Number of protein chains: 2
Amino acid sequence: MNVTNLLTNENKYNLLAGRVPLLLNRYLGQQFKNEGINLSREQWSILAILYHTDGVSQQFLAEATSRDKPSVTRLVDNLEKLGFVERRNHKTDRRLNLIFLTDSGKEMQDPILNVVSKTIEKATKGLTEEQIVIIRDAFQIVYDNIK
Amino acid sequence: MNVTNLLTNENKYNLLAGRVPLLLNRYLGQQFKNEGINLSREQWSILAILYHTDGVSQQFLAEATSRDKPSVTRLVDNLEKLGFVERRNHKTDRRLNLIFLTDSGKEMQDPILNVVSKTIEKATKGLTEEQIVIIRDAFQIVYDNIK
DNA sequence: TAATTATAGTTGTTTAAACAACTACAAAGT
DNA sequence: ACTTTGTAGTTGTTTAAACAACTATAATTA
């Protein structure tokens with residue numbers, strides 16, 4: 001294929017980190033609110049890990065979400081205030097907090113996934129699986145380049 | 001092509017608005033800092049518009065960067081404090097601020113574009129133009145779906 | 001012309017990201 | 001055992017995003 005210099009570096013930057021992620025995050029936040037779910041998109045990213053693996057350390061959450069430790073400390077603070085998670089001490093290693101879903105947090109799983117599914121289905125309407133797979137592979141390359 | 005359900009909706013969400021944009025933005029901020037450029041990535045997004053079209057309204061900047069008006073007010077505040085832009089009154093419509101680059105702001109253009117180019121070249125090393133074009137078209141679809 | 005509506009921008013508040021500096025604890029090396 | 005190094009988490013500060021509420025001005029329309 002012979003595609004020559006269609007995008008400047010600035011265009012590429014905007015493509016990879018520009019308005020689409022910004023809009024999608026904003027849009028998800030609005031959908032949560034519309035459905036009466038009192039949750040930020042960032043808080044959801046933490047809950048999403050816990051729905052997969054409950055009872056992990058903050059360090060694990062930081063790595064899994066590519067955030068730094070202070071960011072996770074505050075997200076967990078706020079999720080704890082909302083009553084969705086709780087910190088428990090590790091049995092033997094007193095440095096670790098293990099983060100567990102509360103019953104209330106577990107009850108949120110279905111409603112949250114519902115909103116996320118509707119949101120992403122609307123957002124990706126018209127995209128082929130082929131496009132999505134290409135994006136996935138391309139983003140993996142970018143991730144490896146700068147991680 | 002027959003690719004069946006490779007990604008869940010949650011995976012798709014993370015793909016479009018997840019860690020890659022987060023990491024790329026963080027990485028660009030670090031590169032600016034390394035090069036002694038006292039500028040946030042968000043401030044750069046405003047300067048980038050002005051390097052293309054100097055002397056536009058804050059409303060224009062808001063639409064061009066998909067930010068809301070308060071966000072632009074504060075970005076312009078901070079760029080003004082840094083001495084890179086100035087607000088001027090519109091001749092006839094007293095509601096409008098027109099935002100102009102200062103000499104100091106204009107002097108930043110080359111150093112900034114240098115950092116952005118290096119950053120994006122490192123980040124996209126190994127991507128084909130074909131992949132980038134597919135991402136561009138796919139993101140346009142997503143943008144139209146949720147804008 | 002006066003009232004209404006729309007547009008441009010600002011301010012207040014909450015939540016989050018990034019980074020530096022810090023405390024507490026565990027593990028390794030001597 | 002003691003010191004050093006590494007790991008886990010917190011706190012302080014600055015910058016930004018989102019949203020609501022607000023002021024000022026312009027455009028519309030009754």
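Both backbone and side-chain heavy atoms feed into the values below; hydrogens, waters and symmetry mates do not. Protein chains get the first letters and strands the later ones, always in sequence-line order, with residue 1 at the start of each. None of the values given here were measured: they were computed from a predicted structure.
Phosphate proximity of C/dC25 to A/Arg94: present, with a side-chain N or O under 4.0 Å from OP1 or OP2. Between B/Gln58 and C/dT10 there is a side-chain polar atom (N or O) within less than 4.0 angstrom of OP1 or OP2. Phosphate proximity of D/dA18 to A/Arg26: present, with a side-chain N or O under 4.0 Å from OP1 or OP2. For the pair A/Asn25 and D/dA17, the criterion of a side-chain N or O lying under 4.0 Å from OP1 or OP2 is not met.
Among pairs with a residue in residues 56-79 of chain B, those fulfilling salt bridge (charged side-chain N to carboxylate O under 4.0 Å, His left out) read B/Asp77-B/Arg87, at least two apart in sequence or across chains.
Taking atom CD of residue B/Glu63 and atom P of nucleotide C/dT7, one finds them 10 Å apart after rounding to whole Å. If you take CG of B/Asp68 and C1' of C/dT13, they are 13 Å apart, rounded to a whole angstrom. A/Phe32 has its CZ atom 15 Å from the C1' atom of C/dT15, to the nearest Å. Distance CG (A/Asn97) to P (D/dG9): 5 Å, rounded to an integer number of Å.
At a cut-off of 3.5 angstrom, the base of D/dG9 holds no donor-acceptor pair with the side chain of A/Arg67.
Scanning all heavy atoms of the two residues, the minimum distance from A/Gln58 to A/Asn97 falls at OE1-ND2, 3.1 Å.
B/Ser40 comes within 4.0 angstrom of sugar-phosphate atoms only, judged by non-hydrogen atoms across all strands, and of no base. Using a 4.0 Å heavy-atom cutoff across all strands shown, A/Ser45 reaches no nucleic acid atom at all.
A donor-acceptor contact closer than 3.5 angstrom links the side chains of A/Asp144 and A/Gln140.
Each of D/dA26, D/dT15, C/dA26 was ranked by its minimum atom distance to the side chain of B/Gln43; first place goes to D/dT15.
Judged by a 6.0 Å distance limit and a 45° cone about the ring axis, B/Arg41 is not positioned over the six-membered ring of B/Phe32.
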